[in-house]
Each structure stands twice: as structure tokens, then as C-alpha cells.
Trainee: 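Here you go, one structure.
Predicted model only: the values in this text are computed from it and were never measured. Along the sequence shown, the residues carry numbers beginning at 1.
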Amino acid sequence: MVDEGARGAEEAPPAALLDRILPRARTMRIKASQIVVGHSTLANDVYFVLSGSFEVSITARDGVDVVVRDLGPGAIFGDLSALDRQPRSANVIATSDSKLASVPAEIFLAAVSEIPEASRWFMNRLGREVRRLTDRIFELSALAARGRLHCELLRLAGTAPRAGDRVQLEPAPTHEALAQRIGSQREAVSRELAQLSDAGVLRRGRKWIELDIVQLARLVEVELGYPLSLTTRPDMPAQPAVQEA
């Protein structure tokens with residue numbers, strides 16, 4: 001299963017919502033490795049990613065950060081706590097120098113309630129999130145490490161610039177990081193990546209990997225046993241980034 005948000009193809013907020021919110025937003029410049037949101041903290045501002053990239057993670061008892069998704073330009077986060085007034089559900093950490101726009105929950109929710117287009121967008125967003133979480137549960141419960149790795153690589157490919165049927169991930173995720181993402185071991189990831197390389201699906205450099213996303217999508221469909229949806233096809237165009245007001 002492929003996470004639409006992580007693919008960089010998350011439906012962008014409607015222009016009417018951005019026109020209402022961004023003039024009242026606080027722009028923030030974020031350094032790489034800076035924590036923007038802490039798991040279980042009490043805050044409910046909503047953030048719009050203007051540029052850069054972020055990881056959403058939860059820290060396990062042994063101190064290992066389990067990454068659950070990636071965010072790029074056009075994404076938003078913090079809306080769940082804005083909606084239910086509960087503590088933050090995860091950490092959000094910048095993986096590059098980035099820029100955010102931050103608005104209080106009250107401003108965000110009022111705009112979503114008053115603008116019909118924004119209301120439909122927000123309902124669709126929540127529906128996609130339910131599907132995304134259902135997909136991840138299915139992967140972890142039903143797929144072997146090979147299938148989970150294929151799904152994760154396809155998700156990561158969706159966040160990278162595309163040249164025809166190929167995308168390049170740079171810097172490449174480490175084998176250990178991939179193992180943490182899919183609930184496996186580094187040795188198993190190394191073995192499966194070698195097999196993808198032998199099959200021509202993957203090419204590796206010192207600091208990058210290149211993926212044939214069409215072949216990779218076919219492998220994912222074989223593992224799942226059914227076709228990917230239109231929103232998760234690797235050849236679907238990415239959504240435009242949020243523009244500053």
C-alpha cells in the first residue's frame with residue numbers, strides 16, 4: 001500500500017483556504033534536524049510546508065525513532081490536534097532546511113467550516129488518512145519483509161524528482177533506516193535491495209539510489225494481489241506546493 005501523502009501527491013489545500021489563512025500565518029524558517037512538533041506535547045497550531053522536507057516519527061521506549069511518513073512542499077500537519085484538542089500524535093522533524101507557515105487552530109478550523117471547498121478538502125484528507133493507516137496495518141500484518149520494502153520504496157519514490165520512469169533518492173536512506181520503517185532487520189533489507197539491483201529495478205551510487213518506478217509498482221501489485229489505486233500510481237502528477245502569500 002502506498003501512502004498518498006508520503007508520495008508527495010497529497011491533495012493541495014484549496015486556493016480559497018490559503019487566501020484566507022496565509023495572510024494571518026506566521027512564517028518560520030526551520031533548520032535541518034530541528035524538532036517542530038514533539039510527540040504528546042500540548043499544542044494545536046496547524047503548519048503548512050512551504051519548502052523543505054520533514055519526517056513524522058514516534059520514539060520507541062528503546063530510543064529508536066520509527067518514521068511513519070515523510071512530508072514535503074504542499075503538505076500540512078498539526079490538523080489532527082487542532083480538530084480533537086488532544087496531544088500531538090507524533091514528532092515532526094525537519095530533514096532539510098525548510099520553511100513553514102503556522103496558524104492557530106481557531107483560524108484554521110473557522111476557515112475550513114466557512115469555506116465549502118475547504119470543508120470538502122478536509123473531509124477528503126481525513127478519509128485518505130484512514131485509508132493510509134489501514135494500508136499500513138495491512139502491510140505489517142500480511143506482507144513479508146520483501147513486500148513491505150517494495151511498498152516503502154515506492155512511497156519514497158513519490159517524494160523525489162521524476163525523470164521518465166526513474167527517480168533518484170539522494171541522499172539514499174540507509175539500510176538500517178529502511179529496516180526501521182518496515183519493521184525488519186538491516187540484513188534482510190540489504191538482501192532484498194541486492195535482488196532489486198539484479199532485476200534492474202534499482203541502481204546504487206555512493207550516496208544515491210535510482211528506482212524504476214514502473215517496475216517497482218508492478219512488484220507492489222504482485223505482492224498486494226490487486227492493482228494500485230489511481231491516487232497511488234507512480235505516474236500520477238504531483239500536487240503543486242503551497243505558495244507564500
Side-chain angles (χ1 to χ4, degrees), residues 2-39 41 43-58 65 67-83 88-115 117-126 128-129 132 155-163 167-171 173 231 236-245:
V2 183
D3 174 358
E4 293 93 344
R7 280 177 40 79
E10 182 173 347
E11 182 183 356
L17 177 63
L18 298 177
D19 290 344
R20 171 80 68 87
I21 285 178
L22 291 185
R24 306 174 68 181
R26 177 170 62 99
T27 301
M28 306 168 59
R29 295 187 180 276
I30 307 298
K31 294 293 185 182
S33 301
Q34 182 175 338
I35 299 174
V36 179
V37 166
H39 184 211
T41 56
N44 53 31
D45 283 0
V46 179
Y47 298 89
F48 294 75
V49 180
L50 303 177
S51 65
S53 57
F54 297 83
E55 282 184 347
V56 182
S57 66
I58 300 175
D65 288 327
V67 177
V68 296
R69 69 184 307 182
D70 301 278
L71 302 173
I76 76 168
F77 61 90
D79 49 320
L80 184 58
S81 289
L83 185 64
R88 298 296 196 184
S89 61
N91 306 306
V92 180
I93 304 171
T95 54
S96 67
D97 290 348
S98 306
K99 186 184 294 186
L100 295 171
S102 168
V103 295
E106 294 76 13
I107 293 176
F108 175 79
L109 293 176
V112 167
S113 298
E114 296 167 7
I115 302 172
E117 185 181 0
S119 298
R120 290 191 295 271
W121 163 81
F122 194 50
M123 287 188 290
N124 287 337
R125 172 179 168 77
L126 294 176
R128 286 195 305 274
E129 186 69 5
R132 183 184 73 84
R155 270 191 287 271
L156 292 172
T159 69
R162 185 165 57 228
V167 300
Q168 190 172 100
L169 304 180
E170 186 177 4
T231 56
M236 293 295 288
Q239 291 294 323
V242 175
Q243 300 296 317
E244 290 185 75

Trainee: Can you tell me how far the CD1 atom of I21 sits from the CG atom of L17, to the nearest 0.5 Å?
Mentor: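 So the gap between those two atoms works out to 4.0 Å.
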Trainee: If every non-hydrogen atom of S98 is compared with every non-hydrogen atom of F54, which pair is closest and at what distance?
Mentor: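 Answer, listing the atom of S98 first, then F54: CB-CZ, 3.4 Å.
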Trainee: Considering all heavy atoms of both residues, which atom of I30 and which atom of A94 are nearest to each other, and what is their separation?
Mentor: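 That would be CG2-CB, 3.6 Å.
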Trainee: Is there a donor-acceptor pair closer than 3.5 Å between any side-chain N or O of D97 and the backbone N or O of A32?
Mentor: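 It does hold such a pair.
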Trainee: Between S53 and G72, is there a donor-acceptor pair closer than 3.5 Å when you use the side chain of the first and the backbone of the second?
Mentor: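 No, because the side chain of S53 does not come within donor-acceptor range (under 3.5 Å) of the backbone of G72.
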Trainee: Nearest 0.5 Å, what's the CG-CD1 distance between L71 and I76?
Mentor: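 Separation between the atoms: 10.0 Å.
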Trainee: Over all heavy atoms of both residues, which pair between S102 and D45 is shortest? Give the atoms and the distance, please.
Mentor: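 Answer, listing the atom of S102 first, then D45: OG-OD2, 3.4 Å.
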Trainee: Pick one: which of F108, F48, Y47 meets ring-ring contact (aromatic ring centres under 6.0 Å, His included) with F77?
Mentor: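 When ring-ring contact (aromatic ring centres under 6.0 Å, His included) is applied between F77 and each of F108, F48, Y47, only Y47 qualifies.
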Trainee: Give a yes or no on whether the backbone of H39 and the side-chain of N91 come within a donor-acceptor separation of less than 3.5 Å.
Mentor: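 A pair under 3.5 Å: yes.
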Trainee: To the nearest 0.5 Å, tell me how far F122 CZ sits from I115 CD1.
Mentor: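 Between F122 CZ and I115 CD1, I get 13.0 Å after rounding to 0.5 Å.
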Trainee: Could you tell me whether the side chain of S119 and the main chain of V112 form a donor-acceptor pair under 3.5 Å?
Mentor: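 Indeed, once roles are kept as given, a pair shorter than 3.5 Å links the two residues.
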Trainee: So which heavy atom on N44 is nearest to which on S81, and how close?
Mentor: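 Closest approach of N44 to S81, heavy atoms only: CB-O, 3.8 Å.
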Trainee: How close do L80 and S89 get, counting heavy atoms only, and between which atoms?
Mentor: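 Of all heavy-atom pairs spanning L80 and S89, the closest is CD2-OG, 4.0 Å.
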Trainee: About how many Å separate OG of S51 and NZ of K99, when rounded to the nearest 0.5 Å?
Mentor: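 The NZ atom of K99 sits 5.5 Å away from the OG atom of S51.
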Trainee: Are R120 and E117 ion-paired here, with the side-chain N under 4.0 Å from a carboxylate O?
Mentor: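 Here R120 does not pair with E117 in a salt bridge, since their nearest N and O are not under 4.0 Å apart.
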Trainee: So, taking the atom named CG in L100 and the one named CZ in R29, what distance separates them when rounded to the nearest 0.5 Å?
Mentor: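 One finds 11.0 Å between CG of L100 and CZ of R29.
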Trainee: So which atom in A118 and which in A111 form the shortest heavy-atom distance, rounded to 0.1 Å?
Mentor: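 Shortest heavy-atom contact: CB-O, 4.1 Å.
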Trainee: Working to the nearest 0.5 Å, report the span between CD of E129 and CZ of R69.
Mentor: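 CZ of R69 is found 5.0 Å from CD of E129.
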